[in-house]
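Atom set for the values below is all heavy atoms of this structure, side chains included, hydrogens, waters and symmetry mates excluded.
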Amino acid sequence: CPILFPQAVMSARQSLTTGDAARLRAGSGGMVEATQNVRVTADVVTSLLSDKNAGGSAVGASLMASQVEGSLVQVRSGITSAIMVQEKGSRSFLLENGAETSELESAHVASWQSTSCLVIAEVVGSGVLALGGNFSKVGMGFALGSLIACLPVNTYTSLLLGEVYKAVPEVVTYGDALARLIHPRAGTLGYWSLYVFFFFTATNYVICLSDSIQSVAYALDWCRPLAAGVGCVLLIPTNQYRSLGALGFLSFVSFATIVATLIICVYMLLTTEADEVCTGHYNPPDFYGYSSAISGFVFAYAGQSMMLELQSEMKDPRDFPKSVCSSFFTLFVVYMVVGIVSHARCGDKSPGDLQLVVAKGPWKVVVGVLMTIHLTISYTLYQQVLCRAICIKVLPGALGKGSQARVQWFALTTLLLAACYLCANLVPLFIDLVNLIGAVFCTVLSCVFPPMLVLALRKQDRANRTRWVHWVSDGTAAAVLVLGVYLLVSCTLSCLVVLGQDASKSGNGPFGCHSINDAGS
C-alpha cells in the first residue's frame with residue numbers, strides 16, 4: 001500500500017519579520033515559495049495566530065486566515081511542535097518553539113523506524129498493563145481470538161489513514177480530514193473526539209504513574225491519591241517543554257523501559273510461587289464482561305489517534321505502511337507472550353495491573369522507576385499535543401518567547417495536570433477506565449473515523465475506479481465501519497455497567513486508597 005507523497009525540496013532560507021506576518025494575513029503573495037525553508041521567530045507566529053487589529057483575539061475556527069499565493073495557511077498541533085500547513089502545494093513546516101528564538105524548519109523529520117517506535121511507545125504501556133486482567137476475565141481462547149482479530153482490523157484502518165493522507169496531505173489531524181472530506185461539523189466532532197481522548201489517555205497515564213510511584217515507595221504504603229500527587233509534581237518540569245526536538249530518542253527510551261519492565265514481570269511470573277503473584281479475583285463473565293474485555297483489546301492496539309500527525313512529520317510518508325506493520329506486529333508478539341504467560345501461570349487470578357506480580361524488594365523499586373520514566377514520556381507527549389492545540393485556538397501567546405509566554409504555558413499545563421489528577425481519583429479503577437476509554441474513544445478513532453473518511457474520499461473519486469474495485473474496497477471499509485459502530489454501542493454500555501458494579505464494591509469509591517500492598521487492589 002504505497003503512499004505517494006512528494007516531499008518538498010528545501011533549497012533556500014528566508015527570514016520573516018512581524019511586518020511580513022501582517023502581509024501574510026492580508027493575503028500578499030510571494031512570502032512562501034515551494035523551494036524555501038522559512039525561518040521565523042516566535043513573535044511572528046503568535047502574530048499570525050492572533051488578530052492584532054481586533055485586540056489580540058484568536059482567529060476563528062480555521063485558526064488562521066492568512067493567504068499565501070491564494071492558499072490557506074493553517075497552524076496545527078503536531079507531535080513534536082506546531083505545524084504550519086500551506087494548502088496549495090501541501091507544504092508543512094515545523095515550529096521549534098522550545099528556545100527563545102523559534103524557527104520554522106521542515107516538518108518532515110522522522111524516519112519510519114522512529115515513527116514505528118513512537119507508535120509502540122504510545123500504545124504498549126497502558127494497554128499491556130491491563131492485559132492480564134482481561135485474559136482472566138474471559139479466558140485464554142476468547143482473549144487470544146480477540147487479539148488475533150484486532151491485529152488485521154487495526155492494521156487495515158491505519159493503512160486507510162495512509163490513503164487519506166496520500167489524497168489530502170495538507171491535513172494534520174482527524175478534525176482537518178473530517179472537515180475537508182465530509183462536513184465542517186464532522187470536523188468539529190473530530191477535534192473534540194481526538195482531544196477529549198487525549199485528555200482521558202493522559203488521565204490514564206496519571207493512574208499508571210501513581211501505581212509506579214507506589215512501587216518505588218512500597219515500604220511507605222502510600223494510597224493512590226498521595227502517589228498520584230507525587231507523580232504530578234514530577235511531571236511539572238517536563239511539562240514546561242513546548243517542543244520535543246529529540247522525539248526519536250525519547251521514543252526509544254520509552255520503548256526500552258517498557259520492554260525492560262515486561263521482561264522483569266514475565267521473569268517474576270515464571271520464577272515466583274503462584275500464590276504470591278496471582279492476586280486477581282475471578283468473576284464469571286457475562287455479556288457485559290466480554291464486551292468490556294473486547295474494548296480493552298481494542299485499546300491495546302489503538303495508535304490511530306496520532307497517525308495523521310505522524311505522517312505529517314515523516315521524512316518520507318510513503319514509508320508509513322512500514323511503520324504500521326512493524327509496530328503492530330511487535331505489539332501483537334508482545335501481547336501474545338505476556339497474555340499467554342500470565343494466563344498459563346495465574347489462570348483466572350491474573351492481576352489487573354501487571355506491576356502487581358513483582359514482589360516487594362529491590363526489583364519492585366526497579367520496575368517502578370522504569371515505568372515512571374516510560375509514563376513521564378508518554379504523558380508529556382499527549383499533554384504537549386493537547387496543550388499546544390488549546391494554545392493555537394485560544395492562547396497563542398503561550399507559544400511565543402519571553403517570560404509571559406512561559407507563564408501562560410505553565411498555567412495551562414498545570415491546570416490540565418490538576419484536571420487529570422482529579423479525574424484519575426474520581427474514577428480510580430484502572431482496568432475499568434482502560435476499557436471505557438477503549439470503548440468510547442478508541443473505537444471511534446480506530447474503527448469508525450478511518451472507514452468514514454475513506455468512503456467519503458472514494459465517493460469523490462468513483463468515476464476513476466473500476467466497478468469490481470469499487471465493490472471490494474468500499475464493501476470492506478463499510479464492514480469495518482459497521483463493526484466499529486457495534487463495538488462503540490455494545491462495549492460502551494458494557495463498560496459503564498461493569499464500572500458501576502466495581503465502583504459499588506468496598507474501597508472502590510472516589511479517592512479510594514488502592515494501596516498496592518493490599519492483595520488484588
Side-chain angles (χ1 to χ4, degrees), residues 42 77-82 96-100 102 121-122 125-126 195-217 220 222-247 249-251 253-254 257-258 365 368-428 430 433 511 514:
S77 181
I79 302 295
T80 58
S81 188
E96 291 287 357
N97 53 30
E100 282 300 307
S102 303
E122 171 199 353
S126 55
Y195 293 127
V196 169
F197 167 72
F198 283 175
F199 170 76
F200 280 109
T201 301
T203 300
N204 185 27
Y205 284 134
V206 170
I207 296 175
C208 298
L209 182 60
S210 70
D211 293 338
S212 301
I213 298 297
Q214 286 177 308
S215 294
V216 175
L220 301 177
W222 284 352
C223 289
R224 178 172 289 173
L226 176 58
V230 173
C232 289
V233 172
L234 295 177
L235 288 172
I236 290 177
T238 58
N239 286 351
Q240 304 320 305
Y241 289 99
R242 296 179 296 172
S243 63
L244 291 175
L247 184 61
F249 173 74
L250 292 176
S251 299
V253 171
S254 181
T257 55
I258 192 65
V365 176
V369 172
L370 290 172
M371 286 303 301
T372 298
I373 296 172
H374 168 77
L375 294 166
T376 297
I377 296 174
S378 298
Y379 176 87
T380 301
L381 172 64
Y382 276 95
Q383 76 87 24
Q384 276 217 3
V385 177
L386 178 57
C387 287
R388 206 181 297 118
I390 295 174
C391 290
I392 290 172
K393 179 67 176 177
V394 299
L395 195 64
L399 297 179
K401 63 180 181 179
S403 58
Q404 183 177 358
R406 295 191 174 275
V407 168
Q408 291 177 345
W409 179 266
F410 172 82
L412 178 61
T413 56
T414 304
L415 180 63
L416 175 66
L417 186 59
C420 290
Y421 173 85
L422 181 63
C423 184
N425 286 283
L426 286 174
V427 188
F430 170 56
L433 180 61
F511 287 88
H514 291 271

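- When all heavy atoms of Ser254 and His374 are compared, the closest pair comes out as OG-ND1, 2.7 Å.
- Under the 4.5 Å side-chain criterion, counting only non-hydrogen atoms from C-beta, Leu209 is not in contact with Tyr379.
- The heavy-atom pair separating Gln408 from Leu395 by the smallest distance is CB-CD2, 4.0 Å.
- Atom CG of residue Leu417 and atom CG of residue Leu422 lie 11.5 Å apart, to the nearest 0.5 angstrom.
- Atom SG of Cys232 is separated from atom CD1 of Ile213 by 10.0 Å, given to the nearest 0.5 angstrom.
- Interatomic distance, Asn239 CG to Leu412 CG, rounded to the nearest 0.5 Å: 10.0 Å.
- A donor-acceptor distance shorter than 3.5 angstrom exists from the side chain of Gln384 to the backbone of Tyr241, with no hydrogens or angles considered.
- Between atom CE of residue Met371 and atom CG of residue Asp211 there is a gap of 9.0 Å, rounded to the nearest 0.5 Å.
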Would Leu234 and Thr376 satisfy side chain to side chain contact (heavy atoms under 4.5 Å, CB included), going step by step from the backbone distance to the final call?
CA-CA 8 Å; Leu234 295 177; Thr376 297; 5.6 Å; no

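- Taken from OG in Ser378 to CD1 in Ile373, the straight-line distance is 11.5 Å, to the nearest 0.5 Å.
- Of the residues listed (Tyr195, Phe199, Tyr205), the one engaging Tyr382 in a ring-ring contact (aromatic ring centres under 6.0 Å, His included) is Tyr205, and it is the only one.
- Counting only residues at least two apart or on different chains, no side-chain hydrogen bond (donor to acceptor under 3.5 Å, both in side chains) pair has a member in residues 411-420.
- The CG atom of Leu226 lies 9.0 Å from the CG atom of Leu220; values are rounded to the nearest 0.5 Å.
- Heavy-atom minimum distance, Thr257 versus Leu370: CB-O, 3.6 Å.
- Contact between Val206 and Cys420 at its shortest, heavy atoms only, is CG2-CB, 3.9 Å.
- Annotation: Gln404, atom CD; neighbour count of heavy atoms from other residues, nucleotides and ligands within 6.0 Å does not exceed 12.
- Closest heavy-atom contact between Leu416 and Cys387: CD2-SG, 3.5 Å.
- Closest approach of Gln240 to Arg406, counting heavy atoms only: O-NH1, 4.3 Å.
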